[in-house]
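Beneath this line is the structure, given in structure tokens, with notes to follow.
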Protein chains: 2
Amino acid sequence: MAKIKDVAEAAGVSASTVSRVLCNGPVSDKVRKRVEEAMRQLDYRPNLAARRLRSQHTDTIGLIVSDIRNPFFTAVSRAVEDEAYRNGMRVILCNTDENPDKEAMYLRLMQEERVTGVIFAPTRQTVANLDPAALGFPVVMIDRASRDVTTDAVVLDNRRAAAALVEHLLAQGYRDIAGVFGNTSSTGMERHAGFAEAMQQAGLPAPAQFVAPSVEAAEQAVLAMLAAEQRPRALVVSNGVLMLGAVRALKSAGLHWPQDVALAGFDNDVWTELLGDGLTVIEQPVGDIGRAAMAMLLERLDDAGRSPRIVVLQGKLLARGSSAPAA
Amino acid sequence: MAKIKDVAEAAGVSASTVSRVLCNGPVSDKVRKRVEEAMRQLDYRPNLAARRLRSQHTDTIGLIVSDIRNPFFTAVSRAVEDEAYRNGMRVILCNTDENPDKEAMYLRLMQEERVTGVIFAPTRQTVANLDPAALGFPVVMIDRASRDVTTDAVVLDNRRAAAALVEHLLAQGYRDIAGVFGNTSSTGMERHAGFAEAMQQAGLPAPAQFVAPSVEAAEQAVLAMLAAEQRPRALVVSNGVLMLGAVRALKSAGLHWPQDVALAGFDNDVWTELLGDGLTVIEQPVGDIGRAAMAMLLERLDDAGRSPRIVVLQGKLLARGSSAPAA
DNA sequence: GTTGCAATTGAAATCGATCCCAATTTTTGT
DNA sequence: ACAAAAATTGGGATCGATTTCAATTGCAAC
């Protein structure tokens with residue numbers, strides 16, 4: 001494969017000049033044309049490893065999420081990637097399965113890659129232990145954030161959104177409402193807080209379950225709740241993955257929504273509008289989240305000194321059949 | 001950030017020796033321990049760009065798909081990534097939106113990255129024009145393949161699967177069956193062929209629509225088919241994305257399945273089992289596809305000379321409510 | 001025809017690792 | 001204890017680009 005020296009010889013110039021053509025440096029039009037022609041002749045491709053080594057910038061960002069198969073992360077990551085490539089950057093995607101060891105391993109990998117920055121959806125545990133300053137690159141957290149702000153972050157207004165679900169269910173006439181939340185992310189905690197607060201405001205108890213963030217765990221937990229002698233009349237479910245588990249549990253228990261149990265949750269996944277008369281959900285602005293995260297990262301690269309900020313986006317309540325008024 | 005020379009000095013050895021520790025070369029245990037201690041002290045991270053430049057292998061593979069939001073590609077890509085990281089390789093993911101220009105651009109990028117290999121789901125157009133030998137790295141195609149085998153590939157037995165759907169619908173008593181297929185991939189063509197063949201075998205006409213591979217395009221096309229005076233009694237739909245469009249079309253036309261129109265398609269996406277009594281689909285072994293592709297790539301790297309081969313995997317018919325016997 | 005200044009160009013150092021080869025140390029056999 | 005063989009270590013070249021700095025060229029003004 002041709003290298004810069006070959007191009008230089010073919011064009012009768014020095015390697016420096018070829019490099020300048022590559023980087024839009026000052027070159028006369030005549031020479032530039034000759035060099036470009038030589039590149040075409042030789043089918044030249046600049047070696048990115050060499051370029052990165054010398055120039056000390058990799059134009060690469062890391063995107064660390066729990067599981068790309070979670071439609072929320074799928075959508076966010078697509079937005080991040082589009083935005084990254086538009087800015088001439090590459091993306092390294094990592095799946096952690098909410099496992100702190102994998103998170104640590106991938107953060108280490110990011111250091112070896114000398115990435116320009118990282119967009120990260122960390123577990124609670126890692127948030128608590130992480131020293132972002134020691135990493136050597138800026139981090140923008142998404143979906144989850146540390147309470148005490150030390151890195152940039154893009155999150156949903158989770159308390160408000162969860163409270164909105166509760167208020168909606170109350171307005172529809174439901175009272176016995178239980179919640180199901182993920183136990184590994186700060187997001188689950190926040191949504192629980194909003195749920196509990198809104199229930200308390202209404203003078204109601206707020207029974208809640210915290211489960212591992214998987215369809216199966218949610219399904220088991222909801223089955224158990226449904227089998228209890230005092231079955232809840234409505235369920236608030238903390239995200240799309242858990243909602244899938246809840247729906248499976250209801251189906252296998254032979255129960256219908258909203259007649260037997262009303263449902264309301266998060267994430268406007270494609271299938272939520274198709275089930276019965278639709279599932280009531282808080283739609284997250286997934287595209288905006290990805291784009292905002294990328295934008296914050298770029299701003300941070302511009303100005304390393306500015307104080308960390310959190311972008312809080314609002315969800316949108318989509319009231320559908322699963323929370324129709326109680327009989 | 002510490003470099004290899006710093007570690008060498010700290011440990012009182014040469015850079016070569018540190019490098020040998022890094023690469024598991026021959027080093028005495030005593031020295032190895034000293035070096036590892038120095039690395040820890042300095043929080044040393046090897047610079048991958050430098051390593052790649054010198055060693056001439058990047059341990060990086062490219063994964064080029066149309067859209068990671070398509071659950072089929074989401075699942076395949078997760079499998080590919082797991083397998084890659086298990087083998088100490090990194091993955092660069094690219095979304096082409098079935099756009100040949102983007103495909104060309106990303107292939108070029110892969111050359112600049114000097115990737116070890118690429119796993120690629122190409123459009124028909126690119127398959128036709130591509131000269132894999134000129135690329136400089138091995139390619140394993142997934143989901144789609146060129147008729148005349150010049151690269152390795154992992155595909156479903158699309159004809160068989162499509163025919164199986166037809167046979168199933170026939171067995172259930174359906175006769176007026178129409179098909180909807182994507183128009184950018186060889187996969188759509190293959191599935192159409194299987195569909196047409198099976199219909200012909202039964203002595204039936206095989207009306208088919210070819211549409212752009214988007215939910216919206218499928219929705220429009222199916223709406224039109226449903227509005228025609230001779231409405232089909234059953235629909236074979238070529239993939240999960242198009243199926244979503246078909247379901248939306250039926251819903252908005254106020255039609256039910258299987259009473260008004262039976263449905264059968266591809267991709268066992270999570271929601272397909274939840275709609276009504278479930279959607280009849282061919283389940284693709286998505287994990288196996290990803291793993292097989294990665295395995296083929298590794299074998300090819302071992303033996304560049306061996307003749308290209310195609311791995312053909314079988315789909316699994318999941319007969320569910322949407323194709324229940326005609327009244 | 002100089003002089004001066006700006007615009008181009010080239011030579012050589014450099015980024016941070018690996019790799020080849022020679023030098024040194026350790027081990028083995030007798 | 002000594003020679004030969006094996007294992008370990010270091011020095012220096014190298015991967016392919018960018019970057020710095022100095023040299024050269026071109027052009028305008030006098």
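Computed over heavy atoms, backbone and side chain alike; hydrogens, waters and symmetry mates excluded. Letters A, B, ... are given to chains in the order of the sequence lines, protein chains preceding strands, and every chain is numbered from 1. Remember, it's a predicted structure, so these values are computed and weren't measured experimentally.
A heavy-atom distance below 4.0 Å to DNA chain D is reached by these residues of residues 24-47 of chain A, ordered by number: A/Tyr44, A/Arg45, A/Pro46, A/Asn47.
Taking only distance into account, the side chain of A/Arg54 never meets the base of D/dT19 through a donor-acceptor pair shorter than 3.5 Å.
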Under 3.5 Å, which donor-acceptor pairs link side chains of residues 33-40 of chain A to any protein atom two or more places apart or in another chain?
from	atom 1	to	atom 2	distance (Å)
A/Arg34	NE	A/Ala11	O	3.0
A/Arg34	NH2	A/Ala11	O	3.2
A/Glu37	OE1	A/Arg40	NH1	2.7
A/Glu37	OE2	A/Gln41	NE2	2.7

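The overall bend of the helix from C/dG1-D/dC30 to C/dT30-D/dA1, read as the angle between its terminal helix axes built from five base pairs each, is 30° when rounded to 10 degrees.
Straight-line distance from the CG atom of B/Leu53 to the C1' atom of D/dA13: 13 Å, rounded to whole Å. Between the C1' atom of D/dG10 and the CD1 atom of B/Ile4 lies a distance of 13 Å, rounded to the nearest Å. Rounded to whole angstrom, the span from the NZ atom of A/Lys5 across to the C1' atom of D/dT18 amounts to 16 Å.
Extent of DNA chain C lying under 4.0 Å from chain A heavy atoms, first and last nucleotide in 5' to 3' order, is C/dT8 to C/dG16.
Expressed to the nearest 0.5 Å, how far CE of A/Met110 lies from CG of A/Leu63 amounts to 9.0 Å. The structure places CD of B/Gln111 at 5.0 Å from CE of A/Met1, a figure rounded to the nearest 0.5 Å. Atom CE of A/Met141 is separated from atom CD1 of A/Ile310 by 9.5 Å, given to the nearest 0.5 angstrom.
With sequence neighbours excluded, no residue forms a salt bridge (Lys or Arg N to Asp or Glu O under 4.0 Å) with A/Arg114. Legend: residues meeting salt bridge (Lys or Arg N to Asp or Glu O under 4.0 Å) with B/Asp59, ordered by chain and number and at least two apart, are absent. Taking A/Glu98 as the reference, A/Ser66, A/Thr123, A/Arg144, A/Thr184, A/Pro213 meet the side chain to side chain contact (heavy atoms under 4.5 Å, CB included) condition, with sequence neighbours excluded. Every residue two or more places apart in sequence or in another chain that forms a salt bridge (Lys or Arg N to Asp or Glu O under 4.0 Å) with A/Arg45 is listed here: A/Asp43. With sequence neighbours excluded, no residue forms a salt bridge (Lys or Arg N to Asp or Glu O under 4.0 Å) with A/Arg20. Considering only residues two or more places apart in sequence or on other chains, B/Asn129 meets the side chain to side chain contact (heavy atoms under 4.5 Å, CB included) condition with B/Gln125.
A close approach under 4.0 Å does not occur between any side-chain nitrogen or oxygen of B/Gln56 and OP1 or OP2 of D/dT14. Within the 4.0 Å cut-off from OP1 or OP2 of D/dT18, not a single side-chain nitrogen or oxygen of A/Ser55 is found.
Here A/Ser19 lies in heavy-atom contact (under 4.0 Å) with a base. Within the nucleic acid shown, B/Val18 has no heavy atom closer than 4.0 Å to any nucleic acid atom. Here B/Ser16 lies in heavy-atom contact (under 4.0 Å) with a base.
Between B/Val13 and B/Arg114, the residue anchored closer to the 5' end of DNA chain D is B/Val13, taking for each the nucleotide with the nearest heavy atom.
For the pair A/Arg309 and A/Asp152, the salt-bridge criterion is not met [side-chain N within less than 4.0 Å of a carboxylate O]. Contact check on A/Asp303 versus A/Arg306 returns no salt bridge, with no Lys/Arg side-chain nitrogen under 4.0 Å from an Asp/Glu carboxylate oxygen.
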Using nucleotides 21-28 of chain D, report all nitrogen or oxygen pairs with the protein that are shorter than 3.5 Å.
none

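Side-chain N or O atoms of B/Thr126 include none that pairs as donor or acceptor with a backbone N or O of B/Pro122 at under 3.5 Å.
Counting only residues at least two apart or on different chains, the ring pair (Phe, Tyr, Trp, His ring centres under 6.0 Å) pairs with a member in residues 72-101 of chain B are A/Tyr106-B/Tyr85.
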